[in-house]
Amino acid sequence: MTTTEAPARALDFIREIVEEDLRSGKHQTVVTRFPPEPNGYLHIGHAKSIALNFGVAAEYGGRCNLRFDDTNPEKEEAEYARAIIEDVRWLGYEFAGGEPLHASDYFDQLYEWAEHLVTRGLAYVDSLSAEEMRAYRGTLTEPGKDSPYRTRGVDENLDLLRRMRAGEFPDGAHVLRAKIDMASPNVNLRDPVLYRIRHEDHHRTGGKWCIYPMYDYAHPPSDAIEHVTHSLCTLEFEAHRPLYDWLIENLPVPSRPRQIEFARLNLNYTVMSKRKLLRLVTEGHVRGWDDPRMPTIAGLRRRGYTPASIRNFAERVGVAKRENVIDVGLLEFCVREDLNKTAPRVMGVLRPLRVVIENYPEGQSEELETPNNPEDPSMGTRRVPFSRVVYIERDDFMEEPPKKFFRLAPGREVRLRSAYFVTCTSVVKDDAGNIIELRATYDPATRGGDAPDGRRPKATLHWVDAASAIDCEVRLYDRLFNVEDPEAGGDFLANLNPRSLEVVADAKLEPTVRGAAPLTRYQFERLGYFCVDPDASDARLVFNRTATLKDSWAKVVAAT
RNA sequence: UGGGGAGUCGCCAAGUGGUAAGGCAGCGGCCUUUGGAGCCGCCAUUCGGAGGUUCGAAUCCUCCCUCCCCAGCCA
């Protein structure tokens with residue numbers, strides 16, 4: 001028997017490097033790390049990095065650490081750290097050791113190595129003010145000049161550094177700087193700051209420290225301590241790599257990690273920077289970090305996205321060094337793809353229109369069997385009640401249908417899914433001329449949805465039995481911004497989509513969904529995928545629309 | 001106008017001197033008890049531009065153009 005091998009997905013440049021390092025024996029195993037700063041929630045862009053780091057480790061039998069980059073006590077909070085851990089786990093990744101690591105765990109070692117640099121004459125305490133330092137740094141086209149404190153002796157530097165640590169100086173009085181080259185064309189090498197004084201409690205080390213290492217200083221040795229082999233980060237750190245290597249070179253670290261940069265993920269119709277997401281939250285443009293319109297992992301989770309769909313998305317967008325803006329449509333495709341296979345189907349009507357089936361006996365009702373998922377017979381069937389009055393979607397009826405409208409219209413017969421064929425006999429209107437009810441007849445011979453004579457209606461409608469329907473709230477979401485690039489015009493808030501949330505207060509659902517737990521996902525047939533919101537209570541169900549189903553009729557309408 | 005990156009279909013992305021993968025989107029068709037899903041087909045004579053090397057170039061060389069990042073005691 002011959003098997004046709006599907007062509008293997010080409011390796012991205014990072015996996016190529018990893019494979020080569022393994023093949024050449026440079027490394028026996030691969031170690032990566034995902035290093036979030038706990039100053040905000042994780043978003044879909046982080047998901048790409050998470051999938052890359054944890055994915056590479058898993059694929060090559062290595063490990064990946066979750067390490068908090070908590071070197072700046074000003075903006076970091078334990079609450080964010082908690083949420084990040086939850087999100088990484090929810091995505092389906094297990095970090096090495098089962099517990100997160102922290103750059104702050106290395107503060108003692110980092111400080112010791114700072115003294116090491118001072119001792120070798122590779123770092124000095126500078127006492128310039130921030131403004132002076134900026135002036136001395138030069139510009140992109142002009143070299144900087146040496147600080148007058150650059151020539152301090154080792155002993156004085158050591159003394160000053162120790163006193164900085166001891167808390168003898170106020171914030172900003174001194175900094176520890178690497179002594180590299182003030183004339184370097186790479187401004188990151190113009191004696192970068194290693195430590196700054198910050199009299200502030202840290203969310204983990206409390207009041208132990210009043211000097212904190214900068215990211216540039218903390219990251220390389222932290223990677224080395226963990227024996228990270230491939231330190232994957234985004235493109236903006238590319239110019240920092242010489243500094244990364246300088247530190248690895250000049251510190252007595254136990255391993256030599258390599259930094260590799262890749263392009264971060266951008267999505268259209270949304271913003272991705274933590275600063276902007278924070279503003280959306282604090283200024284009340286959304287209900288929180290987990291608002292279903294947010295591109296955060298928490299938001300996507302509440303929206304109804306599955307971990308698998310997000311992992312899949314990350315895989316499809318690929319990894320390269322090219323700046324990119326992914327179409328949010330790809331993300332939506334990924335959830336639909338997953339949910340189509342896994343979400344049980346159910347019938348619900350968002351904008352109910354009463355239909356009275358006049359030849360169906362009053363007081364009678366029955367249960368009809370219908371598949372839970374036509375894609376997967378193993379998901380079984382369920383029974384839904386049916387009786388004389390049902391609700392259909394208002395959009396599924398037109399009094400004067402255009403040619404391509406196949407749904408219900410006066411005199412026309414359609415199929416009610418898994419139930420009967422019904423024919424609209426008349427339209428009931430209120431004094432203002434609004435359609436308030438339809439009258440219809442049904443064909444008892446079509447029970448279950450098939451006609452003995454083989455006739456086939458052009459349309460099948462979803463419906464809900466009025467007598468047993470449960471009322472619920474449904475939140476319909478649209479993109480948060482109404483332009484592809486919200487940051488383009490300067491004020492991204494000006495591009496907020498005022499209709500990003502529409503609340504349907506009185507949707508009707510088949511009774512089988514009663515009591516569904518938060519985050520339970522369904523496909524409402526012909527409408528889309530919906531997920532129970534945590535706001536739901538026993539008294540009232542609340543659903544979020546995760547994604548619509550593709551709607552070719554809507555396309556016809558839009559085209560005209 | 002310093003340094004560092006990147007330019008292949010509307011959006012991603014393979015391709016590593018031998019004659020442009022794939023996915024999303026789009027467009028046709030088939031099928032259908034979801035106008036869903038599924039299935040089939042179409043969708044770059046051309047790789048930022050111009051020269052050059054070569055039997056042969058998206059891949060090599062030269063020049064040019066465009067975009068992104070760096071001057072936080074942020075990460």
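Reminder, nothing fancy here: chain letters follow the sequence lines and each chain counts from 1.
Comparing A:Glu131 and A:Ala239 along RNA chain B, the residue whose closest nucleotide (by nearest heavy atom) sits nearer the 5' end is A:Ala239. Mapping A:Asp327 and A:Arg198 onto RNA chain B by nearest heavy atom places A:Asp327 at the nucleotide closer to the 5' end.
One finds no salt bridge joining A:Arg521 and A:Asp338 here, because no Lys/Arg side-chain nitrogen approaches an Asp/Glu carboxylate oxygen to under 4.0 Å. Ion pairing between A:Arg204 and A:Glu76 fails under the 4.0 Å rule for side-chain N and carboxylate O. A salt bridge is defined here as a Lys NZ or Arg NE, NH1 or NH2 lying under 4.0 Å from an Asp or Glu carboxylate O, and A:Glu59 with A:Arg15 meets this definition. Residues A:Glu487 and A:Lys276 are paired through a salt bridge, judged by an N-O separation under 4.0 Å between the basic side chain and the carboxylate.
Side-chain nitrogen and oxygen atoms of A:Arg241 include none within less than 4.0 Å of the OP1 or OP2 phosphate oxygen of B:C70.
Heavy atoms of A:Glu37 sit under 4.0 angstrom from primed sugar atoms or phosphate atoms, though from no base atom.
Applying the Watson-Crick and G-U wobble criteria (two distances, each under 3.5 Å), B:G2 pairs with B:C70.
Look at B:G72: its glycosidic torsion is within 90° of 0, and that puts it in the syn range.
A:Phe333 places its CZ atom 7 Å from the P atom of B:G38, with the value rounded to the nearest Å.
Under 3.5 Å, the side chain of A:Glu238 and the base of B:G3 form no donor-acceptor pair of N or O atoms. Side-chain atoms of A:Arg336 stay outside donor-acceptor range of the base of B:G36, with no qualifying N/O pair under 3.5 Å.
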